[in-house]
Protein chains: 2
Amino acid sequence: MSEFPEIETGGYAPPVSKAESAPLEFEVDRSSPVPLYYQLAQQLEGAIEHGRLAPGSLLGNEIELAGRLGLSRPTVRQAIQSLVDKGLLVRRRGVGTQVVHSQVKRPLELSSLFDDLQAAGQSPATQVLRNETEPATAQVAAALGIAEGSDVVVLQRLRFTHGEPMAHMCNYLPPGLIPLDNAKLESTGLYRMMRAAGITLHSARQSVGARCATEAEGELLAEEPGAALLTMSRTTYDDTGRAVEYGTHIYRASRYAFEFQLLVRA
Amino acid sequence: MSEFPEIETGGYAPPVSKAESAPLEFEVDRSSPVPLYYQLAQQLEGAIEHGRLAPGSLLGNEIELAGRLGLSRPTVRQAIQSLVDKGLLVRRRGVGTQVVHSQVKRPLELSSLFDDLQAAGQSPATQVLRNETEPATAQVAAALGIAEGSDVVVLQRLRFTHGEPMAHMCNYLPPGLIPLDNAKLESTGLYRMMRAAGITLHSARQSVGARCATEAEGELLAEEPGAALLTMSRTTYDDTGRAVEYGTHIYRASRYAFEFQLLVRA
DNA sequence: TAGTGGTCTAGACCACGTT
DNA sequence: ACGTGGTCTAGACCACTAA
C-alpha cells in the first residue's frame with residue numbers, strides 16, 4: 001500500500017558517514033492519509049520479514065531514527081511499540097531495540113478467531129440442519145447475558161471438508177442481530193456475516209475438551225461410536241463487550257486439531 | 001503493590017461544582033516510582049471492577065480528565081489506551097470513551113500461560129518420572145530450533161490433583177537453560193522456575209487435539225483403554241523469540257478442559 | 001456546528017544497563 | 001560515565017460523529 005515513493009524535491013541527502021550495522025533507509029509520505037507511525041511500522045515490519053533487518057540486529061536509537069526520518073521521537077516510538085506488541089521487536093534499556101531472533105519466522109498474526117475451515121483451500125462446505133427461534137435455556141441465557149426464556153436463534157450446521165463430515169456446530173444468537181439466510185450460511189462463515197453486518201468482533205472465551213462419540217454422534221460424523229471427539233464451547237463478544245454468539249461444537253479428532261497462539265499478558 | 005497512599009499534605013480539594021454522570025475522583029501520587037499513567041490505569045480498572053464506573057457509562061473527555069488530575073493529555077491517553085487494549089474500555093470518535101458492558105465481568109487477565117493446575121486450590125502434586133539429557137530427535141530439534149542430535153533435556157512428569165492422576169507431561173528444554181532440580185520440579189511449575197531464573201516468557205504456539213487412550217496410557221492415568229484423552233503440544237518462546245520449551249502432554253478428558261480467551265488482532 | 005478521539009511535535013528529565 | 005529506552009509535558013491540527 002502506498003508504495004509510490006514521492007519524488008524527492010530539493011531536499012539534499014546529507015552525506016552519511018557512519019557505516020552502521022543496519023543503515024537502512026526508510027521514508028514516509030506526509031501527503032498520505034495513512035498515519036506516519038503506521039507507515040513506519042509497516043516499513044519496519046517489511047524489512048524484518050524480508051530479512052533486510054537481521055534477527056538480533058539493533059535498530060539504532062530512537063532519537064537518531066526520528067531525526068533521519070524527520071519525525072518526532074514519540075511518533076517513532078509509537079511505530080516501534082506496535083511492533084513490540086506484535087512480538088517482532090524487543091526493547092532493552094541501555095542496549096537498544098533489537099529484532100527478535102525467532103526460529104519460527106512469524107509466530108504472530110494467528111488466531112484471528114478461527115475461520116479455520118474457511119481458510120487454506122480446504123474446500124469447505126456447510127449444511128444447515130436447523131435455523132429457528134426458540135426460548136433460551138438457562139445455560140444459553142447465561143452465556144449470552146439475556147433473560148432465560150427470551151427468544152434466541154438456534155443454528156445447527158454440519159461442516160464438510162473434501163466431502164467428508166468434519167464438525168457439528170450448534171450456535172445461539174440474539175434475535176435480530178444479523179439476518180441469517182440459509183443460502184448465505186452455506187456459502188460463507190458466521191463471523192464473516194457478522195463483520196459484514198458491521199459488528200466488530202473483539203474476543204472469545206473458549207473451552208476445549210474431549211469425549212467419546214455417542215452412537216448418534218458417530219452416525220452424524222461418520223465415526224465409530226466411542227471414537228474421540230474434540231468438543232468446544234465458545235462465547236464471542238463484540239467490541240462493546242456484548243455477547244454476540246454462543247456455540248457448542250464437536251469435531252472429529254481424527255481430522256481436526258486446534259492450533260493457536262497464546263500471548264503472555266504484561 | 002505500593003498500596004500505601006501517601007498522606008496528602010496541604011493540597012486542598014477545589015470545590016467540585018458540576019454533577020456529571022460519573023464525577024469520580026482519581027488521584028495520582030507524583031512521589032511514587034509507579035508511572036503516572038499506570039497509577040491512573042489501575043484506579044480506572046478498580047473503579048470499573050467495583051462497579052463505580054457502570055458499564056456503558058462515559059469516561060468524560062480526555063482533556064478535561066487530564067486537567068482534573070493535573071496530568072497532560074498524552075499521559076491520560078496512555079492510561080486509557082492500556083485499558084482499551086485489555087478490553088475494558090472502548091473509544092468512539094465523536095462520542096467518547098465508554099466502559100465495556102460485558103456480561104462476563106472480567107473476560108481478561110486470563111491465559112497467562114496456564115499455570116492451570118497450580119492455580120485455584122486444586123492441591124496439585126507432581127511426580128518426576130524422568131529427567132535426563134539425550135540427543136534431540138528431528139521433531140524436537142525443529143520445535144526448539146536447534147540441530148538434530150544435539151543435547152536436550154527430557155522431562156517426564158505426572159501431575160495429580162486431589163490424589164488422582166490427571167496429566168502426563170513430556171517436555172524438552174535446551175540444555176543449561178535453567179537448573180532442573182527434581183525436588184523443585186515437584187514443588188512448583190516449570191514456568192515459575194523459568195521466570196525465577198530471569199526468563200521472560202512471551203508467547204506459546206499450541207496445538208490441541210484428542211484421541212483414545214492406549215492401554216499403557218490408560219494404566220498411567222487410571223483410565224480405561226479407549227477413554228478420551230486431550231492432547232496438547234506446545235512450544236514456548238521468550239521475549240527474544242528463542243524457543244525455551246517444547247512439550248507434548250496428555251490429559252484425562254474426564255477431568256480437564258482447556259479454557260482460554262482469544263483476542264482478535266487489530 | 002460542537003465535541004470527541006486520532007495524530008503529531010519538540011522539547012525535558014529520569015532509570016537502567018553497559019562500559 | 002555514557003547511551004539507551006521510559007516517562008512526561010503543553011501545546012497543535014485533523015477526522016469523525018452527533019445534534
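A side-chain contact (heavy atoms from CB on, under 4.5 Å) with B/Val152 is found for one member of B/Ile146, B/Leu173, B/Leu177 and no other, namely B/Ile146.
At whole-Å resolution of the value, CG in A/Leu58 and P in C/dT18 are 12 Å apart. Counting to the nearest Å, the C1' atom of C/dC8 and the CG atom of A/Leu69 are 14 Å from each other. If you take CD of A/Gln78 and P of D/dT7, they are 15 Å apart, rounded to a whole angstrom. One atom, CG of B/Leu71, and another, C1' of D/dT9, lie 10 Å apart when rounded to the nearest Å. One can place CD1 of B/Ile63 at 12 Å from C1' of D/dC13, the figure rounded to the nearest angstrom. Whole-Å rounding puts the A/Leu36 CG to C/dT9 C1' distance at 11 Å. In this entry the distance linking CD1 of A/Ile80 with P of D/dT4 reads 12 Å, nearest Å. The distance between atom CD of A/Gln81 and atom P of C/dG6, rounded to the nearest whole Å, is 17 Å.
Side-chain proximity of A/Asn61 to D/dT4, C/dG17, D/dA10: nearest is D/dT4. Comparing D/dC13, D/dT7, C/dT9 by their closest approach to the side chain of B/Tyr37 singles out D/dT7. Distances from the side chain of A/Arg73 to the nucleotides C/dG5, C/dC13, C/dC16 place C/dC13 closest. Listed nucleotides D/dC8, C/dG5, C/dG17 differ in distance to B/Arg91; the shortest reach to its side chain belongs to C/dG5. If you check C/dT18, D/dG5, C/dT7 against the side chain of A/Pro35, the one that comes closest is C/dT7.
B/Gln39 places a side-chain N or O within 3.5 Å of a backbone atom of B/Asp29 that can act as its donor or acceptor partner. In this structure a side-chain-to-backbone donor-acceptor pair under 3.5 Å is present from B/Gln43 to B/Glu27.
For the OP1/OP2 pair of C/dT9 and a distance below 4.0 Å, the side-chain nitrogens and oxygens of A/Arg30 include at least one atom meeting the criterion. A sub-4.0 Å separation between OP1 or OP2 of D/dG5 and a side-chain N or O of A/Arg77 is absent. For the OP1/OP2 pair of D/dT9 and a distance below 4.0 Å, the side-chain nitrogens and oxygens of B/Thr75 include at least one atom meeting the criterion. Taking 4.0 angstrom as the limit, B/Thr97 places none of its side-chain polar atoms (N or O) nearer than this to OP1 or OP2 of C/dT4.
Nearer the 5' end of DNA chain C, as judged by each residue's closest nucleotide, is the contact made by B/Arg93, out of B/Arg93 and A/Gly70.
Residues B/Tyr37 and B/Gln81 bring no donor and acceptor atom of their side chains to less than 3.5 Å of each other.
Residues B/Asp239 and A/Val90 come closest through the heavy atom pair O-CG2, 3.0 Å.
Residue contacts shown for B/Pro33 are absent, as no nucleic acid heavy atom lies under 4.0 Å away.
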